[in-house]
Number of protein chains: 2
Amino acid sequence: MDIEIAAKQLEALGNATRLQLYRALVRAGDAGLPVGRLQQRLGIAASTLSHHLHRLILTGLVSQERQTTTLICRANYPAMNNLVGFLVDECCVDAGCSASEADGAASVADSAT
Amino acid sequence: MDIEIAAKQLEALGNATRLQLYRALVRAGDAGLPVGRLQQRLGIAASTLSHHLHRLILTGLVSQERQTTTLICRANYPAMNNLVGFLVDECCVDAGCSASEADGAASVADSAT
DNA sequence: TGCAAATTTCGATGATTATCGAAATAGAGG
DNA sequence: CCTCTATTTCGATAATCATCGAAATTTGCA
């Protein structure tokens, strides 16, 4: 896995709207979800959703399939597995990555606060 | 794991420079790496490196410790484990995430090309 | 105290991003 | 061909980001 590709995919997921979007798709399973339903669920403008969807598709994390008039979106599980595999490989090169729960890592300091 | 935190951490890793940076730290293991050495390795301005490092630290993915004059940076493994855990949880809610190698997910379409 | 090395902060600039509404496009069906 | 619905593209705007060099800061040491 090329580090550039990994970075692009991480960047694609590194936005609250897109991560919610992706999560909804993952939870929808193989059935996927139509664009319109995603829009209702996220409550954003259709054009904004289309923009984010496009970014996810470009990185290969999401795919689309036409069903008559509606477009069904699906999470691309193998892509995510690949990405997670990359992270785990990097993480476990020579460090014991067995901690299942992080200690002080669950909160993010916010510089703007 | 809050989805906002996950998004922030993914965003932090979703930049080629920072991902290289983080990878170097992960590979350095518990010994960590001084800022100066990271700068040599990445070949970027010290101020740029400091900026990226700051972002990684804010998300809890990297920590620093002073050793006399130099600052030692270390990857925060538990944070990464937490993040990977989040991704895996989302991914495996009801989908069989057993594919170890992705099929068509290894290449990223580049809209700017 | 004063110097040297390491790192950050400041200030600026160009590039990218997120968001929206309006208009355009695509597919189905009468 | 026309219309309806679903979705994307366009154009614009405000916000955030990456990057650099110069200046300031911190720390140790003589």
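Throughout, protein chains are lettered first and strands after them, A, B, ... in sequence-line order, and every chain is numbered starting at 1.
Side-chain contact between B:Ser50 and B:Val35: absent, with no pair of heavy atoms (C-beta onward) separated by less than 4.5 Å. Inter-residue side-chain proximity for A:Leu25 and A:Leu61 is flagged as unmet; no heavy-atom pair is nearer than 4.5 Å. Contact of the B:Cys73 side chain with the B:Leu53 side chain is registered, since non-hydrogen atoms from C-beta on lie closer than 4.5 Å. When side chains are defined from C-beta on, B:Ile5 does not count as touching B:Phe86, because their heavy atoms never get closer than 4.5 Å. Side-chain contact between A:Gln9 and A:Met1 is present, with at least one heavy-atom pair separated by less than 4.5 Å.
Proximity of residues 33-41 of chain A to DNA chain C (heavy atom under 4.0 angstrom from any strand atom) is not detected for any residue.
Note on B:Thr69: a base of the nucleic acid sits closer than 4.0 angstrom, heavy atoms only. Among the protein residues, A:Ala45 comes within range of the sugar-phosphate backbone only, with heavy atoms under 4.0 Å from sugar or phosphate atoms but none that close to a base. Among the protein residues, B:Gln64 comes within range of the sugar-phosphate backbone only, with heavy atoms under 4.0 Å from sugar or phosphate atoms but none that close to a base.
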task = Take A:Val62 and A:Asn76 through the side-chain contact (heavy atoms from CB on, under 4.5 Å) test and state the conclusion after the steps.
result = CA-CA 5 Å; A:Val62 165; A:Asn76 184 350; over 6 Å; no

key: Candidate pair A:Ile72 and A:Leu33, rule side-chain contact (heavy atoms from CB on, under 4.5 Å), full reasoning   = CA-CA 5 Å; A:Ile72 305 294; A:Leu33 279 176; over 6 Å; no

key: CA sep, side-chain torsions, deciding dist, call: A:Leu87, B:Tyr22, side-chain contact (heavy atoms from CB on, under 4.5 Å)   = CA-CA 10 Å; A:Leu87 291 180; B:Tyr22 184 77; over 6 Å; no

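Heavy-atom contacts of chain B under 4.0 Å fall on DNA chain D between two terminal nucleotides, which in 5' to 3' order are D:dC17 to D:dG28.
Looking at residues two or more places apart in sequence or on another chain, you find a side chain to side chain contact (heavy atoms under 4.5 Å, CB included) between A:Ile44 and A:Thr17, A:Leu42, A:Thr48, A:Leu49. Remark: B:Arg55 pairs with B:Glu11, B:Arg18, B:His51 by the side chain to side chain contact (heavy atoms under 4.5 Å, CB included) rule, at least two apart or across chains.
Applying the salt bridge (charged side-chain N to carboxylate O under 4.0 Å, His left out) test to pairs two or more places apart or on separate chains, those with a residue in residues 66-82 of chain B are B:Glu65-B:Arg74.
Rounded to whole angstrom, the span from the NE2 atom of B:His54 across to the P atom of C:dT8 amounts to 10 Å. A:Arg66 places its CZ atom 6 Å from the C1' atom of C:dG27, with the value rounded to the nearest Å. The CG-C1' distance, from B:Leu71 to C:dA5, rounds to 13 Å in whole Å.
Closest to the side chain of B:Ser50, from the set C:dC20, C:dT8, C:dG27, is C:dT8.
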Could you list the protein-to-nucleotides 14-18 of chain C atom pairs, N/O on both sides, closer than 3.5 Å?
from, atom 1, to, atom 2, distance (Å)
C:dT17, OP1, A:Arg55, NH2, 3.4
C:dA18, OP1, A:Asn15, ND2, 3.1
C:dA18, OP1, A:Arg18, NH1, 3.3
C:dA18, OP1, A:Arg18, NH2, 3.1
C:dA18, OP2, A:Arg18, NH1, 3.2
C:dA18, OP2, A:His51, NE2, 3.4

